[in-house]
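What follows is a short report on a single structure.
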Amino acid sequence: MRAMLSGVTSTVPSRTPDKPSSGRPRLLLIDGHSMAYRAFYALPDTLATSSGQITNAVYGFTSMLTNLLRDEQPTHLAVAFDAGRVTFRTERFPEYKGTRLATPDAFKGQVPLIKEVLDTLNVASIEMAGIEADDILATLALQAKAAGMEVLVCSGDRDTLQLVNGDVTVLYPKKGVSELARMDPAAVEAKYGVPPERYPDLAALVGETSDNLPGVPGVGPKTAAKWITAHGGLAALLDAADEIKGKAGESLRAHLDQVRVNRELNALLTDVELPLGVADLALEGFDREAVHLVSDTLQFGQLRDRLLAVDPSGAAVEETPVAAGIELDLADVAPGALGTWLAARSERVGVEVAGKTVAGGGDAWAVAVAEPGGEAAYLDLTQLGADDEKALAAWLADPVAPKILHGAKAAAHMLAARNMDLAGVTFDTELAAYLCYPDQRGYDLGDLAMRHLGRELKVAEPDGAQGALDLSLEGEAEGQAEAVRAHGVAELATALEGELADRGATHLLDDVELPLSGVLARMERIGIAADTEYLTGLERQFAEGVADAAAEAYAVIGREVNLGSPKQLQEVLFDQLGMPKTKKIKTGYTTDAASLQDLFVKTEHPFLAHLLAHRDVSRLRTTVEGLLRSVAPDGRIHTTFQQTIAATGRLSSTDPNLQNIPIRTEAGRQIRRAFQVGAGYESLLTADYSQIEMRIMAHLSGDVGLIAAFNSGEDLHRYVGSRVFEVAPADVTPEMRSKIKAMSYGLAYGLSAFGLSQQLNIATGEAQTLMDDYFERFGGVRDYLSGVVEEARATGYTATILGRRRYLPDLTSDNRQRRQMAERMALNAPIQGSAADIIKLAMLKVQHELDTRGLSSRLLLQVHDELVIEVAPGERAAAEDVLRSQMGAAFVLNVPLDVSVGTGSTWHEAGH
DNA sequence: AAACTTACGTA
DNA sequence: CGTACGTAAGTTTT
């Protein structure tokens with residue numbers, strides 16, 4: 001889910017590209033045994049078919065292969081297997097791999113299954129007697145490089161690192177088979193201190209335990225790397241062995257022969273006579289029927305679909321016939337002529353930026369520009385001349401040169417890495433789709449093209465290339481995929497423009513979301529400063545708290561259980577301790593905090609107190625750990641604000657979520673102290689809307705009592721309480737006030753009398769009376785709420801003060817549960833959504849005012865009703881004025897918009 | 001490995 | 001039987 005929603009913009013319709021795709025053919029080579037073995041040990045052997053066949057290795061291997069096909073988009077693929085235990089290496093050195101345990105039968109039985117799967121994919125499995133899989137890979141890698149291909153080698157054997165060079169990258173499993181480290185020359189050098197071609201020299205000295213090749217005692221990778229670098233290689237080092245000083249030198253001299261054997265054995269063969277050449281490894285598409293058959297017997301469910309989805313023949317066509325892909329003529333813009341070419345673009349030009357995004361930044365490596373019916377160009381940023389680069393930057397940054405993008409915020413981040421600004425974005429298809437369909441889970445460009453244009457965004461097959469083995473014909477021309485996306489964006493914009501207008505949402509895109517995406521991009525890039533030392537201290541403190549609470553809990557029950565496991569807790573609470581049962585859930589009885597609290601009141605059992613304490617503090621620890629992981633090299637945390645997720649119109653925050661940092665408890669507030677003013681700035685300033693949702697309720701309902709409450713100057717809940725309970729405001733007790741507060745906020749969520757009684761721990765009848773009395777006094781609210789649902793049922797949607805719609809088809813569902821859910825959504829969406837509208841307008845006004853006044857203070861965060869600003873030296877008063885005035889005037893309601901402001905050097909201090 | 005479930009932090 | 005989110009950890013499924 002995350003992958004689809006993240007700001008990653010693909011060069012191809014895959015999820016997370018790590019590399020630029022180019023027109024070059026790309027060969028993926030997999031060490032079948034090594035990867036299957038990893039899968040075998042990474043996955044539980046409870047993965048089995050109903051007939052008892054264990055499938056963990058096949059399943060894990062196939063899953064990994066699926067991900068590679070999706071993410072790497074290879075044009076060619078081969079999987080190599082070891083054949084037999086006897087190889088030239090065992091003959092040379094009988095102890096080679098001598099410590100390896102016999103292969104478990106449960107694994108052996110799965111190798112044929114893996115080959116069967118590969119057969120259905122029309123992927124070559126290669127094995128040769130007496131030859132190890134890695135030798136086959138090495139031979140193919142060399143041939144492929146000579147043929148001008150890009151090569152990816154996926155193997156868990158470090159010896160393959162010697163193959164790495166500018167054209168060959170090793171994907172080495174980090175954890176299980178799902179996380180692969182991309183080992184290019186720089187990565188190898190960074191990890192081992194030697195370039196890839198010297199890696200076997202290093203390994204010969206250090207030894208390889210898994211191959212039972214002993215190294216030189218007392219020599220680790222550091223020493224080995226130092227020696228190899230100093231002497232320019234192993235051969236020269238061995239020649240000079242007599243001159244090496246110290247214990248390590250002695251040790252080396254004593255093991256020269258072993259080192260020579262090691263070096264001989266770890267050299268991969270590159271001249272194996274293979275039955276297939278690289279040209280025979282082209283991916284041609286799956287035998288889909290066979291895939292179904294094998295998936296049936298292996299009982300692949302989701303995996304079957306994932307697999308079919310990466311079928312290189314793009315056989316989705318079979319199921320939903322669509323127009324064939326398009327082929328664009330890419331303009332061959334002469335060097336130096338780009339400025340002129342760009343100036344000739346129309347206002348309907350689509351732009352696709354290829355690159356990747358990371359928190360608050362990223363990188364761009366190409367830009368494609370295309371207009372339907374017009375020209376298209378693909379610009380490789382790494383190849384662009386200085387003049388053209390300048391022309392492109394000027395065009396991208398030109399506010400009056402119109403551009404259409406899909407996800408302009410992410411594109412802006414990528415371009416920023418190349419010192420390019422993005423302005424003049426007149427349409428964003430991602431934002432437009434969100435405004436039209438806010439309940440959709442994702443807005444992938446390819447999916448939208450399929451739905452709104454009725455075609456796939458794919459490049460047409462080159463004519464007559466079928467069956468050709470000539471490598472120059474393989475793969476599409478460079479930049480076609482990007483150009484097709486740019487072209488698709490422009491066409492999609494035309495379609496969505498109409499839909500947007502139909503929904504009366506054009507102004508929301510033009511005046512709110514589109515300009516806001518620029519503001520958010522700036523906020524994300526800036527980030528907020530974090531005190532890592534302080535966080536580290538907190539982490540320790542919380543970790544101790546966790547350990548203490550756990551120890552006390554264990555002492556009470558006389559055994560150790562995993563306190564984080566609801567399943568084990570149920571056993572302790574309801575079986576061992578025989579406590580009364582809590583609310584039923586799918587997997588038994590809930591152990592959530594509210595229920596544990598109830599149980600504690602009933603039983604006063606000390607285990608519950610320790611458990612609750614453990615929950616609290618381990619949650620805090622987890623939060624701190626997450627924050628620590630998110631601190632970027634600049635010492636700041638760069639969250640990503642998601643602008644197309646929340647169906648009501650709110651923003652959300654991810655990686656990390658800075659909109660749910662604790663504040664309610666003292667221990668939680670400590671975490672807020674870690675967010676501090678950055679170097680060169682004076683303070684943090686927070687400003688929040690007080691009771692914005694109740695004010696919107698007053699505005700939308702027009703209830704005279706509620707409006708009077710906000711104009712009275714009296715505390716809202718006290719005022720409302722005095723009316724409901726018919727006492728003087730001064731006589732509203734804290735208990736009365738908290739009931740009213742819960743009631744008021746509950747209204748905006750569609751709270752029932754039962755729910756209210758639960759929350760307040762009162763009888764349902766009492767809750768019902770409270771609600772009746774409330775509505776008696778504030779009849780406008782009651783009428784408004786019933787009117788909202790009624791109208792939404794009639795029109796099919798709710799709307800906010802800015803006309804942001806949420807469609808709720810379930811309002812007319814026959815299913816009572818769904819219908820009631822939709823009704824609560826209908827009650828809440830206009831209120832939550834209008835608040836979101838208001839703070840979005842406020843953000844635009846605040847940013848505009850800061851810019852206009854030439855202030856250096858800057859927006860950092862938005863937390864639904866709160867903004868956080870970093871104040872530049874000397875701008876404290878001005879910044880506060882900007883916040884108060886712009887937030888207060890964001891939208892005129894029939895009650896005032898109150899803003900309260902706080903300041904300090906940390907987020908905690910600035911809070912109020 | 002991936003999907004699902006539970007729990008819990010914020011507004 | 002209260003809306004909107006995101007994340008982590010444990011559990012189950014494949």
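Just so it is clear: chains get the letters A, B, ... in the order the sequence lines come, proteins before strands, and each one is counted from 1.
- Distance NZ (A:K840) to C1' (C:dA4): 13 Å, rounded to an integer number of Å.
- Considering only residues two or more places apart in sequence or on other chains, A:Y797 meets the side-chain hydrogen bond (donor to acceptor under 3.5 Å, both in side chains) condition with A:R805.
- Annotation: proximity of residues 54-69 of chain A to DNA chain B (heavy atom, distance under 4.0 Å) is found for A:Y59, A:S63, A:N67, numbered in ascending order.
- For A:N660, the side-chain contact (heavy atoms from CB on, under 4.5 Å) criterion is met by A:N657, not counting sequence neighbours.
- Listed by chain and residue number, A:D296 satisfy the salt bridge (Lys or Arg N to Asp or Glu O under 4.0 Å) test with A:R304 (two or more places apart in sequence, or in another chain).
- For A:R650, counting side-chain heavy atoms from C-beta on, the closest listed nucleotide (C:dG2, C:dA8, C:dA4) is C:dA4.
- Where pairing requires Watson-Crick or G-U contacts shorter than 3.5 Å, the helical stems of DNA chain C with at least three consecutive pairs are B:1-11 with C:3-13.
- Residues satisfying the side-chain hydrogen bond (donor to acceptor under 3.5 Å, both in side chains) test with A:T686, not counting sequence neighbours, are none.
- Between A:F754 atom CZ and C:dG2 atom P there is a gap of 8 Å when expressed in whole angstrom units.
- Here chain A contacts DNA chain B (any atom closer than 4.0 Å to a heavy atom, that is under 4.0 Å), and the contacts span B:dA1 to B:dA11 from 5' to 3'.
- By the side-chain hydrogen bond (donor to acceptor under 3.5 Å, both in side chains) test, A:N56 pairs with A:Q110, sequence neighbours left out.
- Residues in residues 743-768 of chain A take part in these salt bridge (Lys or Arg N to Asp or Glu O under 4.0 Å) pairs, two or more places apart or across chains: A:K739-A:E766.
- Partners of A:T665 by side-chain hydrogen bond (donor to acceptor under 3.5 Å, both in side chains), not counting sequence neighbours: none found.
- Residues satisfying the salt bridge (Lys or Arg N to Asp or Glu O under 4.0 Å) criterion with A:R673, sequence neighbours excluded, are A:E666.
- One finds a salt bridge joining A:E693 and A:R650 here, because a Lys/Arg side-chain nitrogen approaches an Asp/Glu carboxylate oxygen to under 4.0 Å.
- Contacts of residues 822-832 of chain A with DNA chain C (heavy atom under 4.0 Å): A:R824, A:M825, A:N828, A:Q832.
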